[in-house]
> 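This structure is in structure tokens; I'll ask about it shortly.
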Amino acid sequence: MTASTEIRFPADVPHPFSPAGRLDPYPSYDWLRSRSPVHHDPMARLWLVTGHADCAAVLRDRAFSASAGQQGRARDEDLPPSMLTTDPPDHTRLRTPGLLLLGPAAIASVADGITADVDDLLDGLAAETVVDAIERIGSPLATSVFLRLFGLAESDRKAFSQLAQAASINLDPLAGPQVAALGRSAMKELTRFLQAHCATLPQNSHGAPAASSPLARLVADDRLTDAETLGVLGLAVVGGWQPLAEAIGNAMYWLLPRPEALTSLRLGGDELARTAVDELLRLEAPIPFTARVALTDVRLPGGEVPRGARVLAVVAAANRDPAVFERPNNLVLDRSPNPHLAFGGGPHFCLAAQLVRQTGAVLLARLAERFPAASLAGPPPGWASTLVPRRLRALPVALGGGDAR
Ligand code: HEM
């Protein structure tokens with residue numbers, strides 16, 4: 001073990017997993033990054049990696065296994081491992097067909113529908129004064145995105161969003177056994193729902209009619225077994241639904257107290273909306289860290305980890321590394337380049353990054369146009385104590401009248 005193993009948190013810096021650290025982990029991330037960027041934490045029996053160069057290396061280097069790192073994660077054990085819990089070459093075999101669901105052609109096919117969903121959602125808020133942005137904007141928009149991808153009907157909305165919400169407890173790789181048990185049964189229910197939906201679709205490419213949704217195109221492809229396809233879908237829901245819903249709340253938490261930012265977005269056009277999405281994800285990464293296991297002894301720029309080490313790449317800390325980002329704690333809407341790691345990196349880079357960017361940019365642009373005087377309502381919003389995703393307990397927003405469409 002390296003010298004960094006002996007470094008202890010000072011009394012005035014809360015551990016990032018302590019009750020105080022969960023609410024505001026950034027002081028401890030700053031301390032770790034500057035004092036012990038590759039840090040052995042004997043209490044958590046983990047290595048916390050917080051520097052940008054170190055995190056990027058953990059995510060990219062084949063010496064770190066996602067398969068071993070994600071082993072504790074609850075899932076439907078009747079299904080084979082998903083792409084997130086496999087290493088190449090298995091991972092590549094699962095990810096390539098996954099592009100039918102989340103690749104550029106899939107996204108192009110749902111883009112107009114998602115834009116219409118954003119407009120409908122904001123239309124529905126025009127007569128309101130104060131709304132909870134997560135309950136009324138983030139969650140319903142995340143559900144709309146999945147209804148489009150999966151070709152589900154509007155009448156499936158309630159059942160799908162309840163299942164997605166329940167299955168999302170599987171996001172936290174450090175969840176205890178009780179939560180993991182709940183997570184496993186939620187995953188089984190989600191699988192049953194998705195299986196019933198897939199059974200309504202033409203199964204193979206041979207002679208099947210043109211598929212009408214990205215999911216239908218994945219089901220009509222022969223490269224994955226039915227169980228593997230269900231694994232991809234379950235992973236997309238668990239890995240995507242809540243992070244997307246919460247990312248929208250987290251973004252508004254940063255934007256709304258800054259009227260000048262909302263004005264810039266209103267005037268800045270699509271290009272600014274696009275860079276703003278990345279900047280908001282950089283500042284408040286919904287998935288703050290992800291787990292790997294070192295297959296050999298590895299020397300990282302900030303220190304060494306031994307073979308067998310369970311490593312957390314703390315991307316939320318890397319995203320504020322002053323060695324890479326000027327004014328790391330400030331919102332700079334037009335920051336470019338912006339090499340943040342909120343979507344991960346290397347082989348497991350978020351398969352839906354383009355979808356998230358596109359959906360987020362449409363929402364930000366429309367929100368700034370429709371509700372230019374929107375602001376936070378009530379007392380300062382509080383962060384939930386869950387580690388993954390990083391999320392607010394609620395976000396009451398005063399819509400400020402909106403436009404008169
Ligand atoms: C703001 C929202 C999102 C964020 C911040 C996010 C972030 C991430 C991150 C950090 C990873 C890498 C995990 C790792 O390396 O261990 C990842 C992987 C993944 N994400 Fe996302 N994600 C988001 C939304 C979505 C959505 C909406 C979907 C699906 C519709 C999705 C599907 C996936 C899949 C399938 C993977 C696994 C890729 C692989 O293992 O090759 N994500 N995401």
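This structure is a prediction, so every number in the text was calculated from the model and none was measured.
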> The test is side chain to side chain contact (heavy atoms under 4.5 Å, CB included); show your working for Phe289 and Cys55 and say whether it passes.
CA-CA 9 Å; Phe289 50 76; Cys55 273; over 6 Å; no
> Report, as yes or no, whether the 6.0 Å neighbourhood of atom CD on Glu128 holds more than 12 heavy atoms from other residues, nucleotides or ligands.
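Yes.
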> Under a 3.5 Å distance rule, please check whether Asp156 uses its side chain to pair with a backbone N or O of Ala153 as donor and acceptor.
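Checked: pair present.
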> Name the one of Val311, Leu59, Val315 that satisfies side-chain contact (heavy atoms from CB on, under 4.5 Å) with Val49?
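Filter result, single survivor: Val311.
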> Enter the distance from Leu364:CG to Thr275:OG1 here, rounded to the nearest 0.5 Å.
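Those atoms lie 10.0 Å apart.
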> Side chains of His348 and His91: does their closest heavy-atom pair fall under 4.5 Å?
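Contact flag for His348/His91 side chains = yes.
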> Side chain to side chain contact (heavy atoms under 4.5 Å, CB included) between Leu244 and Leu141: does it pass, once the steps are laid out?
CA-CA 8 Å; Leu244 182 54; Leu141 183 55; 5.9 Å; no
> Is the backbone of Arg93 close enough, under 3.5 Å, to the side chain of Thr96 for a donor and an acceptor to pair up by distance?
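Here the side-chain-to-backbone pair does not exist.
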> Are the side chains of Ser264 and Leu272 in contact, using a 4.5 Å heavy-atom criterion?
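Heavy-atom side-chain distance check passes, below 4.5 Å.
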> When rounded to the nearest 0.5 angstrom, what distance separates CD1 in Ile134 from CD1 in Ile248?
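It is 10.0 Å, given to the nearest 0.5 Å.
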> Does some side-chain heavy atom of Leu333 sit less than 4.5 Å from a side-chain heavy atom of Leu255?
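In short, these two side chains touch, coming nearer than 4.5 Å.
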> With Val314, which of Asp54, Thr290, Thr50 fulfils side-chain contact (heavy atoms from CB on, under 4.5 Å)?
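The residue from Asp54, Thr290, Thr50 that satisfies side-chain contact (heavy atoms from CB on, under 4.5 Å) with Val314 turns out to be Thr50.
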> According to ring pair (Phe, Tyr, Trp, His ring centres under 6.0 Å), who are the partners of Phe193, at least two apart in sequence or on a separate chain?
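So Phe193 forms no ring pair (Phe, Tyr, Trp, His ring centres under 6.0 Å) with any residue.
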> Can you tell me if CD on Glu326 sees more than 12 non-hydrogen neighbours from other groups inside 6.0 Å?
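No - once you tally the heavy atoms of other residues, nucleotides and ligands closer than 6.0 Å, there are 12 at most.
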> Give the C-alpha distance, both sets of side-chain angles, the deciding distance and a yes or no for side chain to side chain contact (heavy atoms under 4.5 Å, CB included) between Leu101 and Leu233.
CA-CA 9 Å; Leu101 185 70; Leu233 303 181; 3.9 Å; yes
> Should Leu283 and Arg335 count as side-chain neighbours, where that means a heavy-atom distance under 4.5 Å?
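They are not in contact (no side-chain heavy atoms under 4.5 Å apart), so the answer is no.
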> Side-chain contact, heavy-atom cut-off 4.5 Å: Asp297 with Glu304?
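Side-chain contact under 4.5 Å: no.
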> Under a plain distance cut-off of 3.5 Å, with no hydrogens placed, do Ser109 and Arg217 share a side-chain donor-acceptor pair?
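There is such a pair (donor and acceptor under 3.5 Å, judged by atom type) between the side chains of Arg217 and Ser109.
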> Before accepting this row, confirm whether a basic side-chain N of the pair Asp123/Arg370 lies closer than 4.0 Å to the acidic partner's carboxylate O.
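Here Asp123 pairs with Arg370 in a salt bridge, since their nearest N and O are under 4.0 Å apart.
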> Specify the closest pair of heavy atoms between Pro372 and Leu262, including all atoms of both residues, with the distance to one decimal.
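Shortest heavy-atom contact: O-CD2, 3.5 Å.
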> Is the ring pair His52/Phe325 parallel, tilted or perpendicular, if the boundaries are 30 and 60 degrees?
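Judged by the thresholds at 30° and 60°, the geometry between His52 and Phe325 is perpendicular.
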> Counting neighbours of CZ on Arg258 that are heavy atoms of other residues, nucleotides or ligands and sit closer than 6.0 Å, is the number greater than 12?
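Yes, because the 6.0 Å sphere around CZ of Arg258 holds more than 12 heavy atoms from other groups.
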> When rounded to the nearest 0.5 angstrom, what distance separates CE in Met43 from CZ in Arg8?
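If we round to the nearest 0.5 Å, Met43:CE and Arg8:CZ are 10.0 Å apart.
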> From Asp120 CG over to Glu154 CD, what is the distance, rounded to the nearest 0.5 angstrom?
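Here the rounded value is 9.0 Å.
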> Under 4.0 Å between a side-chain nitrogen and a carboxylate oxygen: does that hold for Arg366 and Glu369?
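The answer is no: the pair does not qualify as a salt bridge.
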> Classify the side-chain pair Arg157/Ser144 by whether it contains a donor and acceptor separated by less than 3.5 Å.
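Side chains of Arg157 and Ser144: pair found under 3.5 Å.
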> Test of understanding: with ring pair (Phe, Tyr, Trp, His ring centres under 6.0 Å), list the residues that count as partners of His197, not counting sequence neighbours.
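Testing His197 for ring pair (Phe, Tyr, Trp, His ring centres under 6.0 Å), a comparison that skips the adjacent residues, returns none.
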> Let me confirm one number: the CZ-OH distance from Arg320 to Tyr26, rounded to the nearest 0.5 Å.
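The OH atom of Tyr26 is 4.5 Å from CZ of Arg320, to the nearest 0.5 Å.
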> Looking at Gln358 and Ala111, what are the two nearest heavy atoms and their distance?
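In this case the closest contact between Gln358 and Ala111 is NE2-CB, 3.0 Å.
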> For the pair Trp383 and Tyr253, name the ring-plane relationship: parallel under 30°, tilted 30 to 60°, perpendicular over 60°.
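The rings of Trp383 and Tyr253 stand perpendicular, inter-plane angle above 60°.
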> Has Asn329 got more than 12 heavy atoms of other residues, nucleotides or ligands less than 6.0 Å from its CG?
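Yes, because the 6.0 Å sphere around CG of Asn329 holds more than 12 heavy atoms from other groups.
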> Any idea which heavy atoms bring Ser213 and Arg148 closest together, and the distance?
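Closest approach of Ser213 to Arg148: CB-O, 4.1 Å.
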> Is any side-chain N of the basic residue among Glu189 and Arg192 closer than 4.0 Å to the acidic one's carboxylate O?
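Answer for the salt bridge query: no.
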> Could you check whether any side-chain N or O of Arg282 sits under 3.5 Å from a backbone N or O of Asn319, counting only pairs where one atom can act as donor and the other as acceptor?
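Yes, the answer is positive, given that a donor and an acceptor are paired below the 3.5 Å cut-off.
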> Determine whether Phe17 and Pro25 make a side-chain contact, defined as any pair of heavy atoms from C-beta on separated by less than 4.5 Å.
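Not touching, per the 4.5 Å side-chain cut-off.
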> Considering only residues two or more places apart or on different chains, which pairs with a residue in residues 113-137 satisfy ring-ring contact (aromatic ring centres under 6.0 Å, His included)?
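Every candidate ring-ring contact (aromatic ring centres under 6.0 Å, His included) pair involving residues 113-137 fails, so no pair, neighbours aside, qualifies.
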> Does Arg33 use its side chain to pair, donor to acceptor, with the backbone of Ala317 at less than 3.5 Å?
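Looks like yes, one N/O pair under 3.5 Å.
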> Which atom pair, heavy atoms only, marks the closest approach of Arg136 to Gly124?
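Closest approach of Arg136 to Gly124: NH2-O, 4.3 Å.
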> In plain terms, say whether Asp78 and Lys188 are close enough for a salt bridge, that is, a side-chain N and a carboxylate O under 4.0 Å apart.
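Yes, Asp78 and Lys188 are salt-bridged.
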> How far apart are the closest heavy atoms of Thr86 and Met83, and which atoms are they?
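Shortest heavy-atom contact: OG1-O, 3.1 Å.
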> Using the six-membered ring wherever Trp is involved, compare the ring planes of Phe150 and Phe146 and label them parallel, tilted or perpendicular (cut-offs 30° and 60°).
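Correct class here is perpendicular.
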> Is the number of heavy atoms from other residues, nucleotides or ligands within 6.0 Å of CZ (Arg223) greater than 12?
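More than 12 within 6.0 Å, yes.
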> Can you measure from CG (Leu395) to CG (Asn250) and round to the nearest 0.5 angstrom?
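One finds 9.0 Å between CG of Leu395 and CG of Asn250.
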> Just wondering, do Cys198 and Leu215 contact through their side chains at under 4.5 Å, heavy atoms?
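Leu215 vs Cys198: side chains touch.
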> Determine whether a donor-acceptor pair (N or O, by modelled atom type, separation under 3.5 Å) exists between the side chain of Thr229 and the backbone of Thr225.
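Judged by distance alone, yes, a pair lies under 3.5 Å.
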> Has the side chain of Asn170 got a donor or acceptor atom that lies under 3.5 Å from a matching backbone atom of Val238?
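Not a single qualifying donor-acceptor pair exists.
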> Measure up the Trp31 and His39 rings against each other and bin them: parallel (under 30°), tilted (30 to 60°), perpendicular (over 60°).
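It falls in the perpendicular class, over 60°.
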> Do Ile137 and Val397 have side-chain heavy atoms sitting under 4.5 Å apart?
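Contact flag for Ile137/Val397 side chains = no.
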> Strictly distance-based, threshold 3.5 Å: is any side-chain N or O of Thr263 a donor or acceptor partner for the main-chain N or O of Pro259?
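Yes, Thr263 side chain to Pro259 backbone: donor-acceptor pair under 3.5 Å.
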> Taking all non-hydrogen atoms of both residues, which atom of Val324 and which atom of Pro339 are closest, and how far apart?
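Where Val324 meets Pro339 most closely, the heavy atoms are CG1-CG, 3.7 Å.
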> Check the pair Leu355, Ile114 against side chain to side chain contact (heavy atoms under 4.5 Å, CB included), reporting the backbone distance first and the verdict last.
CA-CA 10 Å; Leu355 173 73; Ile114 291 174; 3.9 Å; yes
